[in-house]
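Okay, so here's the structure we're looking at.
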Amino acid sequence: MTGPLVPFREIVLKVHSRCDLACDHCYVYEHADQSWRTRPKAISDEAISWTAQRLAEHALTHALPSVSVILHGGEPLLAGPARLRRVCEELTSALKGIADLDLRIHTNGLQLSPRYLDLFDEFGVKVGISLDGDRAANDRHRRFADGRTSHPLVLRAVELLRQERYRHLNLGLLCTVDIRNDPHAVFDALAELDPPLIDFLLPHATWEQPPPRPDGSPTAYADWLLAIFDRWREQGRPVPVRFFSSVLSSLSGGPSLTESLGLAPTDLVVVETDGQLEQVDSLKSAYEGAASTGFDVFTHAFDEVAAHPGVRARQLGLAGVSETCRRCPVVRSCGGGLYTHRYRSDSGFDNPSVYCADLEALVRGIEVRTAAETESAAVAEPHELIAAHQDLTRTLLARLHADLDGGGGERWDEAWELVQALDRTEAGAVGLDGVLAHPYTRTWLLDALDAVYAGRPGADRSATLRLSSSVAAAAVRAGLERDVPVAYRDGSIFLPTLGEARIGGPGEHGTALVRATDDGFLIRRDGHPAERRIVRTSTEDPGWLPVRHVGVDGAPGFVLDDLDPYRDCFDRPVAPRLGQSEADAWSAGLAGAWERLMAVVPEQAAEAAGSLIALTPLTAGQPAVGRHGYGALGIGVCTDTEELALGLLRGFRRAKLRALVDVTDLYASDGAWDHRTPWQEKSVPFSRLLSMTYERVGLGLFDPRFLDGVPQALDTLEAAAELTIDGKQLLAAVRKEISGTHGTSGKNSCKTVFDQEPDGPGVRMDD
């Protein structure tokens with residue numbers, strides 16, 4: 001088995017191997033592996049010391065910031081306070097200065113008392129309690145050997161943990177599912193105890209010993225859990241439920257939150273009371289010795305266990321599940337189910353889970369129930385996408401301020417105070433939004449954050465220079481009649497979205513004061529009494545280079561941005577400032593291309609007009625999307641109207657998909673799977689196929705030849721495991737786009753455009 005070794009971050013330490021209950025569904029005592037019979041009841045001092053030493057070595061070797069140790073059994077409280085104190089002291093001492101220690105204990109709660117809880121409070125041991133619901137549900141399995149109920153004693157333990165002095169130790173409740181119990185009664189009984197978390201556990205079963213299904217339904221466990229899910233939502237999700245949170249996370253592109261679901265590699269090892277090192281405890285349900293590794297803490301390091309084939313098999317992610325699971329679109333959410341539940345005597349663990357039908361029904365059921373409330377509005381509504389990017393830019397600005405942590409100095413503080421002052425007035429907020437909405441503001445923020453994180457010299461000065469000029473531009477746009485200090489370099493000031501003013505000679509640096517006027521602004525160098533008046537739209541002032549605008553029919557006009565110093569963020573060279581005749585020719589070509597788009601694809605043209613802000617001339621090549629906010633596009637000079645129209649359309653589709661990826665998860669686990677493209681004999685990651693397909697659909701509405709292979713590509717994308725709820729929403733919108741396409745008119749006169757593969761750096765995640 002290949003792949004890097006995954007270090008253990010979680011240790012299950014068996015401190016006692018017997019139990020004071022006789023639960024008939026217990027995997028330790030009632031299932032295939034009966035090794036508990038030969039193990040010592042309590043862990044020895046020697047085993048405790050060696051475990052602590054091995055864990056400290058492991059954490060140091062792998063530079064782990066933290067490790068979790070779960071005290072387990074049997075029933076761990078039977079070890080007694082003195083032995084548990086010894087465990088806590090040894091582990092705390094060994095890991096001091098190496099890694100943070102997260103101590104937990106899972107118990108049936110029968111022995112829990114203030115004496116134990118005071119000990120746990122001393123060492124920060126969090127307490128999780130097993131409880132299967134109301135009394136009827138709990139009594140079905142969790143009884144004493146003589147048949148007596150354990151329910152009142154468990155409730156007493158829960159109430160102890162709910163006391164104010166112990167509440168911070170409460171880890172939550174673990175409930176084993178039994179579909180014969182009333183799901184609503186079970187959930188209501190658990191939720192009434194107000195735990196910080198509820199975790200449902202499917203009863204351990206294999207293909208050799210399948211779970212009971214009284215009515216024969218292949219989805220009985222999903223139906224039971226979905227009944228609770230519905231109750232949970234009806235009550236406003238009063239308590240976190242790990243099983244549900246994990247599915248919802250994965251459906252939205254996030255990670256699994258439990259070992260029972262998802263493809264995350266296992267990072268857990270078990271230390272038995274005799275010091276034996278074993279795999280995950282639930283394997284005892286499969287067959288005698290299934291969890292055994294042959295290693296122990298006395299003579300073996302944890303790395304040796306991590307390299308064990310059985311452990312490695314649970315660290316392979318997608319490669320570790322059966323072929324059936326790899327082809328299943330819900331595998332990213334269910335992960336093929338718990339490893340133990342895949343066991344069959346003739347094929348080992350190379351099978352889907354014995355709960356396969358249940359897991360698929362559960363994932364799909366949760367998806368159907370929550371799609372409307374979890375879908376991002378940015379996918380469906382263009383104005384919401386723009387608003388999401390505005391929020392993202394403001395968030396990045398606030399993060400830069402926080403990360404500078406006073407390191408920007410007095411100039412930064414002055415500019416930041418002006419940001420807040422602008423935000424307090426309606427006109428000021430509008431002016432500030434106008435500057436922050438400019439795509440290259442995002443480029444500056446990302447570059448500045450990178451510089452701060454990397455500790456590059458001058459990062460604070462560079463950040464301050466752009467912030468002060470941005471605030472000045474916002475003040476001018478808002479008509480704010482107050483002096484705004486702006487740092488300048490090399491004799492010039494660039495005001496984002498407005499233009500560049502030459503106020504000194506080459507190499508001169510200093511500070512200028514900018515004050516808004518009705519048609520522009522006044523500018524005065526610090527220490528110089530003379531003021532200079534600049535008209536924003538003037539093209540006659542030799543010391544003022546305005547940002548020019550391109551007006552086209554059917555659009556409010558674009559910024560022709562060939563000035564912003566942060567525009568050089570594409571994967572190809574940007575053109576220098578265009579002469580007036582060049583700009584006029586560029587604008588005329590753009591107007592012709594836009595007229596063509598309005599005639600053939602008016603809906604796309606209208607959306608692009610409302611979304612694109614800045615067009616930056618490139619020296620050559622196809623449209624480019626760089627490292628910036630939504631609304632910028634790099635366009636190569638092209639005199640052919642048809643080619644330029646296709647280029648604008650191609651660029652807009654790339655820009656929009658990139659913008660969506662920036663604010664929501666359309667897919668997850670990119671690169672884990674390969675997908676065959678309909679256009680060429682090669683396999684590509686999901687993101688690549690999505691970008692090609694999304695672009696081809698946009699171009700295909702202009703020229704139907706681009707739609708060749710699109711239906712097949714959409715079929716592949718819709719069946720892919722990487723797809724999230726928002727990704728499905730996007731593909732549904734794409735389907736709707738092409739549903740009415742019946743030979744749309746439009747001729748592609750530039751064969752070079754048609755032949756080029758419509759994928760682009762703007763939407764590939766490795767950019």
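Residues: numbered from 1 along the sequence shown.
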- Task: Under the side-chain contact (heavy atoms from CB on, under 4.5 Å) rule, what do F349 and N351 come out as? Steps first, then yes or no, please.
- Result: CA-CA 6 Å; F349 296 94; N351 309 289; 5.7 Å; no

Nearest 0.5 Å please: distance from the [atom1] atom of [X] over to the [atom2] atom of [Y].
| X | Y | atom1 | atom2 | value |
| --- | --- | --- | --- | --- |
| F144 | T149 | CZ | OG1 | 8.0 Å |
| Q279 | S292 | CD | OG | 8.0 Å |
| R142 | S130 | CZ | OG | 4.5 Å |
| I179 | W224 | CD1 | CH2 | 9.5 Å |
| L201 | C175 | CG | SG | 9.0 Å |
| I11 | L71 | CD1 | CG | 11.5 Å |

pair [X]-[Y]: side-chain heavy atoms closer than 4.5 Å:
| X | Y | value |
| --- | --- | --- |
| V127 | N170 | no |
| L131 | L193 | yes |
| T677 | M692 | yes |
| V280 | L283 | yes |
| S683 | R676 | yes |
| Y355 | L338 | no |
| K656 | Y694 | yes |
| D199 | L174 | yes |

State whether the side chain of [X] and the backbone N or O of [Y] hold a donor-acceptor pair below 3.5 Å, judged by distance alone.
| X | Y | value |
| --- | --- | --- |
| R213 | S217 | yes |
| D296 | T299 | yes |
| T724 | G727 | yes |
| E208 | S345 | yes |
| R312 | H308 | no |
| S322 | C325 | yes |
| N138 | G133 | no |
| S252 | L248 | yes |
| S246 | R242 | no |
| T370 | I366 | yes |

If every non-hydrogen atom of [X] is compared with every non-hydrogen atom of [Y], which pair is closest and at what distance?
| X | Y | value |
| --- | --- | --- |
| L197 | V239 | N-CG2, 4.0 Å |
| S376 | Q729 | O-OE1, 3.4 Å |
| H300 | R54 | O-NE, 3.1 Å |
| G335 | V321 | O-CG1, 3.6 Å |
| V241 | W232 | CG2-NE1, 3.6 Å |
| L261 | S333 | CB-O, 3.4 Å |

- Query: Would you say the side chains of S17 and E272 form a donor-acceptor pair under 3.5 Å?
  - Reply: no

- Task: Report yes or no: do T219 and D358 form a side-chain donor-acceptor pair below 3.5 Å?
- Result: no

- Query: Sequence neighbours excluded, which residues qualify as salt bridge (charged side-chain N to carboxylate O under 4.0 Å, His left out) partners of D665?
  - Reply: none

- Message: Ring-plane angle category for F302 and F8, please: parallel below 30°, perpendicular beyond 60°, tilted otherwise.
- Response: perpendicular

- Parallel, tilted or perpendicular: rings of Y343 and Y287 (30°, 60°): tilted

Look at [X] together with [Y] and state whether they make a salt bridge at an N to O cut-off of under 4.0 Å.
| X | Y | result |
| --- | --- | --- |
| R104 | D102 | yes |
| D132 | R140 | no |
| R369 | D230 | yes |
| E367 | K728 | yes |

- Item | From CA spacing to verdict: side-chain contact (heavy atoms from CB on, under 4.5 Å), N108, C19 | CA-CA 9 Å; N108 61 30; C19 189; 3.8 Å; yes

- Message: Would you say the rings of F244 and F229 are close, in the sense that their centroids are separated by under 6.0 Å?
- Response: yes

- Query: Does atom CD of Q209 have more than 12 heavy-atom neighbours, drawn from other residues, nucleotides or ligands, at distances under 6.0 Å?
  - Reply: no

- Task: Check the surroundings of atom CD in E192: do more than 12 heavy atoms from other residues, nucleotides or ligands lie under 6.0 Å from it?
- Result: no

- Message: According to side chain to side chain donor-acceptor pair (under 3.5 Å), who are the partners of R332, at least two apart in sequence or on a separate chain?
- Response: none

- Please report the C-alpha distance between V270 and L277 in whole Å, then the side-chain angles of each, then the deciding distance to 0.1 Å, and finally whether the side-chain contact (heavy atoms from CB on, under 4.5 Å) criterion is met. CA-CA 6 Å; V270 177; L277 290 162; over 6 Å; no

- Run the numbers on E373 and R237 for salt bridge (charged side-chain N to carboxylate O under 4.0 Å, His left out), then give the verdict. CA-CA 14 Å; E373 66 190 59; R237 304 183 181 185; 2.7 Å; yes

- Message: As a quick check of understanding, evaluate ring pair (Phe, Tyr, Trp, His ring centres under 6.0 Å) for F686 and W673, giving each step before the final call.
- Response: CA-CA 7 Å; F686 183 92; W673 292 261; 9.2 Å; no

- Message: Between R688 and E722, does the salt bridge (charged side-chain N to carboxylate O under 4.0 Å, His left out) criterion hold? Intermediate values first, please.
- Response: CA-CA 12 Å; R688 181 89 164 179; E722 299 97 320; over 6 Å; no

- Let me know which of L171, V125, I70 forms a side chain to side chain contact (heavy atoms under 4.5 Å, CB included) with I105. V125

- Query: Who passes ring-ring contact (aromatic ring centres under 6.0 Å, His included) against H151, sequence neighbours left out?
  - Reply: none

- Please step through side-chain contact (heavy atoms from CB on, under 4.5 Å) for the pair Y667 and L717, ending with a clear verdict. CA-CA 10 Å; Y667 52 87; L717 290 168; over 6 Å; no

- Of K14, H204, H72, which is the lone residue that meets side-chain hydrogen bond (donor to acceptor under 3.5 Å, both in side chains) with D281? K14

- Regarding R696 and the six-membered ring of W679, is the cationic atom NZ or CZ under 6.0 Å from the ring centre and inside 45° of its axis? yes

